[in-house]
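All heavy atoms count here, side chains included; hydrogens, waters and symmetry mates do not. Given the structure is predicted, the values throughout are model-derived calculations rather than measurements. Along the sequence shown, the residues carry numbers beginning at 1.
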Amino acid sequence: MQSSVIFLGAGRPFQGDEHAALRSASGHTRVIDWLIHATDSLMSTTHFVGGYRIESIRQRHPELRYWVNENWQATQSAYSLLQVDLSQQNNCLVSYSDVLFRRSLATALTASQADVCVAVDSHWRTRFAGRTGADLQRCEKVSLHMQSITRLGADIPLTLAAAEFVGCVHFGPRAVSFLVENQTSLQQHFQQGNLSDLVEMLRCNGMQVEAIDVQGDWAELNEPRDLAHFVLGTKAQTLRRLRRMVRCSRIEDQVSFTVAEWQDDASKVMRDIQQHFTGQKLVIRSSALSEDGFSHSNAGAYTSLLNVDGRELPVLESAIQHVIASYPDANPQNQVLVQPMLENVIASGVAFTRSLSSGAPYYQINYDDVSGSTESITSGTSDAHKTLVMQRNADEASANIPDNLRTLLPALREIESLLGYDSLDVEFAITADAGLHILQVRPIAVDHSKWEGGDADIFTQLNNARERFEDLQAPAPFIAGRRTLFGIMPDWNPAEIIGTKPQPLAVSLYRHLIMDETWSTQRAEYGYRDVRPSPLLVSFAGHPYVDIRASFNSFIPKSLDEPLAARLTDFYLDWLERHPYLHDKVEFEVVPTCFALDFDRWRQRLAEEGGFCAAEIDQLRDGLRQISINAIQRNSSDLAQIDKLEQRFAQLRKHPMPPLEKVRALLLDCRNFGTLPFAHLARSAFVAVTLLRSAVNCGVLSEAEMEDFLNSIRTVSHMLTHDAQSCARGELSWEAFVDKYGHLRPGTYDINSPSYRADPERYLKPIVDNTTTAPTVSSGRLWQLARPRFVAALAKQGMEYEADTLELFLKQAIEGREYAKFAFTRNLSLALDELVNWAEPLGIPREKLAYLDIETLLALRDSHLDAESLSEHLRDIGRRNRDVHRQQQTIELPPLLCSSEDLNVFLYPATQPNFVGTGRLRAVCIDLDEGDSEQDLTGKIALIPQADPGYDWLFGRQIAGLITMYGGANSHMAIRAAEFGLPAALGVGETRYRTLTSAKVLELDAGNRIIRVIQ
């Protein structure tokens, strides 16, 4: 005679067409795995009764014995059980296939000597929050007297019910014999009967029926989270439950105990640990009840100790006491987890199986593969932090997954499948000898319910982005090069100016004013290749990128022939792909864009790495030198255009015009007389700075001599400080001060970013109130002494100029660039204000205008719609654009796109910051992206996401240092920081920036190119 386990799975699907026994996140059969795990070795054979999709389970578990209920759609669980031949059974354990229970329950049930032993739950009324009265009425209930069951069934009145039937029953020999003898008649009688009805019949026939109370410790698969809720407990419980189930990773053995057990007999606990882990170094880990949950997380809040010598009892005792002392409450059921210490760690970190902030479909892995520590990421001490991002449907064989992390994705998917849940926080370590170890599994405790998007929508957008990427690899007119890359920082770096996920109005304005035509017109007029009509900005899933092939083409002198231009372009692109961390330094480290005294560094690379001959390199050098010579001669005409812009602005500002007509006129002037000459001046400023930096690199100038010259430059920031002092002294009226600087806004192209004029008390008043002395003016002594050497070095390279002419160019270019930006943003800022004024009567606030592009708005100048129809039209467009934008905000893309696979899997590059100055300081840091701008910033290091000149007001708030997520070595903020002698690190990258914003005190050592977290 045998003893058997029988799982009843013949009923309706769980959700849609999914069988309850097939519940999982990724389509694997996992609920049945848990049930088999809870009962294996207890009984001799395992049976499965099925009807719906039984083949799916047979394929997964061919070792089971299967019985088919042909009438599964019309019958219930009792009828399914009666399909099994029980004639060879001595006893059997029977369970619904959509419930989960612990092995301890199965052991207790099979140990019972009663004819029938039934699992019940006395916590049934409160087992889950919000349980309705109708559900209580509907469920199978139990009446009890002590441990004996006096009645079972769904028809028991709530007032008489003591517990809920769990769906798991053990039938002893007497009950099995009765079922076998009466099987045919019972089949007829119980076609519509539940398992509890069959047990009730046995009770009425004189069988002894007793109960075992699980007290809420079971799960019925009604909701997607039920399986995860059942498995995920304390750290120790979760790891113990998963340990025997995982196949793609390893979970170390453990000894765990409660605080109560420790207090009762600490010596026994330590003896158990020493016997279990003989002579090993140990990890003593917290496992508190309050540490990990679905609605909260105290991850890292409690102490865990590494490298504890388990052989030394005093050391072991002290470590355990230390962990227990870190718990904030005195709950005796808090646990401590002891495991062996991992050796030869080659990588460790934390994996989120969905985006932490939004729940978007990404695996995000933060890891350290340098230090050898298992806690450098979780403790925040890693200085080698890397971030790998993978779409949830990424290929496990993707070439973009680092070799040392290849086993991680299959392991994460297996754990999700085991839990039937895909919003997890998983700590891991990889060792050289044993591979991937899982150290912790907890639910992500962030509420993602506010995110309205679906995975399918995200995948559709990404699929469209991949197709667009492939289409854009084709040859383009007037563009040389066999392929293209895309980046957020090269050239007119959109990440710095409009951000990585801008709203439609901001990105359309940036296109309209610069990125569609102005950029290429400027390059052609300056002496480079004419690449018109190619646009520079390309969007992938709402993320603006620069077409790097077009950019690199536009930096090649027009004097070069087509074949050489194509070879140069391809070489530059290949170099950038091999050195992706240079994506925000392309004009300094990837492509030469003007002549420099250290041109030989380019010559060496082009010859040795690119195979270019000396004549070709000389041709490039001569072309770049001519461009630099042209730059020195054009400043006056470009500055004259800015003067013209200002004169025209004074007229446009006062002229009465319909709002949209004024917007069009302001933007047209802005493009023709503002952004185009600004682009020329910006290019000239780059030439100027490059000449100075190359002189330092060649030893012609010292760093101090170059800084002495830069400190003599007077741009808008100094003008702002000077005027603030005049205002404070009463020499300049407050109204005049606001009128002069009120058009500035932190987000230059962002209509939601209020101008200084809209909130002068916040942006301008503190500058006046906190003004002290004017910035120290350089004496210029060092520069004056060095100037002849600089002039002579340029003359030797064929650029012969008088010292005064050369110095005038340097100052006019650098100062002119900053003033041109200050001037053209007047037009842009007023255009944004006019749009707000036009839309307000239509009931369209600025927040909704941000979702409309400028082309749509300007096209309405000739609209004949009435106000109501126009308002509804704009609202419809805005709603659609808003919904798409919200989805796009959750999409993760890399800063550099080299292949379509980068849209699936990418590693954030180890970005090297652009340091400014040589100063060093330790100071409190303030994250201004979190709304701390009204705090006292004096003496603090300010952190901002973008190096946008709209943050000029910072320089009037006595900050001590500056750090930005994005920003190039020649950005506006770099120039401003250099002017003020302010140490700065621009463009530290997303990964490093997130680490720094969580710190309290930083050390910024610009001279040694170091940023350290002090506190």
Side-chain angles (χ1 to χ4, degrees), residues 23-28 30-31 33 223-233 235 238-239 241-242 245-251 291-297 299-300 347-367 377-378 386-396 398 400-402 405-430 436-451 453-459 462 890-893 904-908 991 994:
R23 261 298 311 285
S24 72
S26 58
H28 301 309
R30 289 306 186 191
V31 172
D33 290 348
E223 299 293 336
R225 279 190 177 189
D226 286 346
L227 177 56
H229 273 290
F230 178 72
V231 178
L232 297 177
K235 186 183 302 181
T238 300
L239 294 177
R241 293 164 185 170
L242 286 171
M245 300 293 293
V246 295
R247 297 291 179 266
C248 298
S249 60
R250 177 185 176 95
I251 296 176
E291 191 165 357
D292 304 306
F294 281 81
S295 61
H296 68 279
S297 174
S348 68
V350 177
F352 297 109
T353 64
R354 281 192 173 272
S355 294
L356 187 61
S357 58
S358 67
Y362 288 95
Y363 296 101
Q364 294 184 326
I365 294 92
N366 304 311
Y367 72 101
I377 295 298
T378 54
K386 298 176 183 175
T387 300
L388 177 68
V389 178
M390 299 182 283
Q391 276 191 53
R392 285 189 52 80
N393 59 358
D395 186 347
E396 294 175 3
S398 171
N400 286 5
I401 300 176
L405 297 184
R406 288 242 164 246
T407 57
L408 187 55
L409 187 52
L412 293 174
R413 285 173 169 165
E414 179 186 53
I415 292 171
E416 289 178 312
S417 176
L418 286 169
L419 297 175
Y421 192 64
D422 65 1
S423 186
L424 300 170
D425 172 351
V426 181
E427 293 180 23
F428 68 90
I430 301 171
L436 177 63
H437 302 254
I438 300 301
L439 307 180
Q440 168 67 316
V441 179
R442 60 171 72 90
I444 294 177
V446 178
D447 182 10
H448 294 153
S449 61
K450 294 181 181 178
W451 183 57
D455 291 2
D457 296 329
I458 299 300
F459 294 146
L462 289 168
T890 70
I891 292 175
E892 301 285 345
L893 295 181
N904 298 323
V905 178
F906 65 91
L907 186 68
Y908 276 114
T991 300
R994 285 194 293 268

Let me confirm one number: the [atom1]-[atom2] distance from [X] to [Y], rounded to the nearest 0.5 Å.
{"X": "Phe352", "Y": "Asp425", "atom1": "CZ", "atom2": "CG", "value": "4.5 Å"}
{"X": "Glu396", "Y": "Leu408", "atom1": "CD", "atom2": "CG", "value": "10.5 Å"}
{"X": "Leu409", "Y": "Arg392", "atom1": "CG", "atom2": "CZ", "value": "9.0 Å"}
{"X": "Asn366", "Y": "Arg994", "atom1": "CG", "atom2": "CZ", "value": "7.0 Å"}
{"X": "Asp455", "Y": "Asp457", "atom1": "CG", "atom2": "CG", "value": "9.0 Å"}
{"X": "Gln364", "Y": "Ile444", "atom1": "CD", "atom2": "CD1", "value": "8.5 Å"}

**Request:** For side chain to side chain contact (heavy atoms under 4.5 Å, CB included), just list the numbers for Leu893 and Leu462, CA-CA rounded to whole Å, side-chain angles, deciding distance to a tenth of an Å, and then say yes or no.
**Result:** CA-CA 10 Å; Leu893 295 181; Leu462 289 168; 3.9 Å; yes
Between [X] and [Y], what is the shortest heavy-atom contact and its length?
{"X": "Leu424", "Y": "Pro443", "value": "CD2-CA, 4.3 Å"}
{"X": "Gln391", "Y": "Phe459", "value": "OE1-CD2, 3.4 Å"}
{"X": "Val441", "Y": "Ile438", "value": "CG2-CG2, 3.6 Å"}
{"X": "Ser249", "Y": "Ala411", "value": "CB-CB, 3.9 Å"}

Can you confirm whether [X] sits close enough to [Y] that some side-chain heavy atom of one is under 4.5 Å from a side-chain heavy atom of the other?
{"X": "Phe428", "Y": "Ile365", "value": "yes"}
{"X": "Leu388", "Y": "Asn400", "value": "no"}
{"X": "Thr890", "Y": "Ser355", "value": "no"}
{"X": "Ile891", "Y": "Ile458", "value": "yes"}
{"X": "Val426", "Y": "Leu412", "value": "yes"}

So does [Y] get a backbone contact from the side chain of [X], meaning a donor-acceptor N/O pair under 3.5 Å?
{"X": "Arg406", "Y": "Ser398", "value": "yes"}
{"X": "Thr238", "Y": "Gly233", "value": "yes"}
{"X": "Thr353", "Y": "Asp422", "value": "yes"}

**Item:** Single hit among Ile415, Leu418, Leu419 for side-chain contact (heavy atoms from CB on, under 4.5 Å) with Val231
**Value:**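 Passing option: Leu419.
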**Request:** Taking the six-membered ring of Tyr362 (Phe, Tyr or Trp), confirm whether the NZ or CZ of Arg354 is under 6.0 Å from its centre and within 45° of its axis.
**Result:**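 No cation-pi geometry.
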**Asked** Given the rule in the side chain to side chain contact (heavy atoms under 4.5 Å, CB included) test, do Leu907 and Tyr367 qualify, once you have shown the distances and angles that lead to the verdict?
**Response** CA-CA 11 Å; Leu907 186 68; Tyr367 72 101; 3.5 Å; yes
**Item:** Passing candidate, side-chain hydrogen bond (donor to acceptor under 3.5 Å, both in side chains) with Glu427, options Arg442, Lys235, Gln440
**Value:**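 Output: one option passes, namely Arg442.
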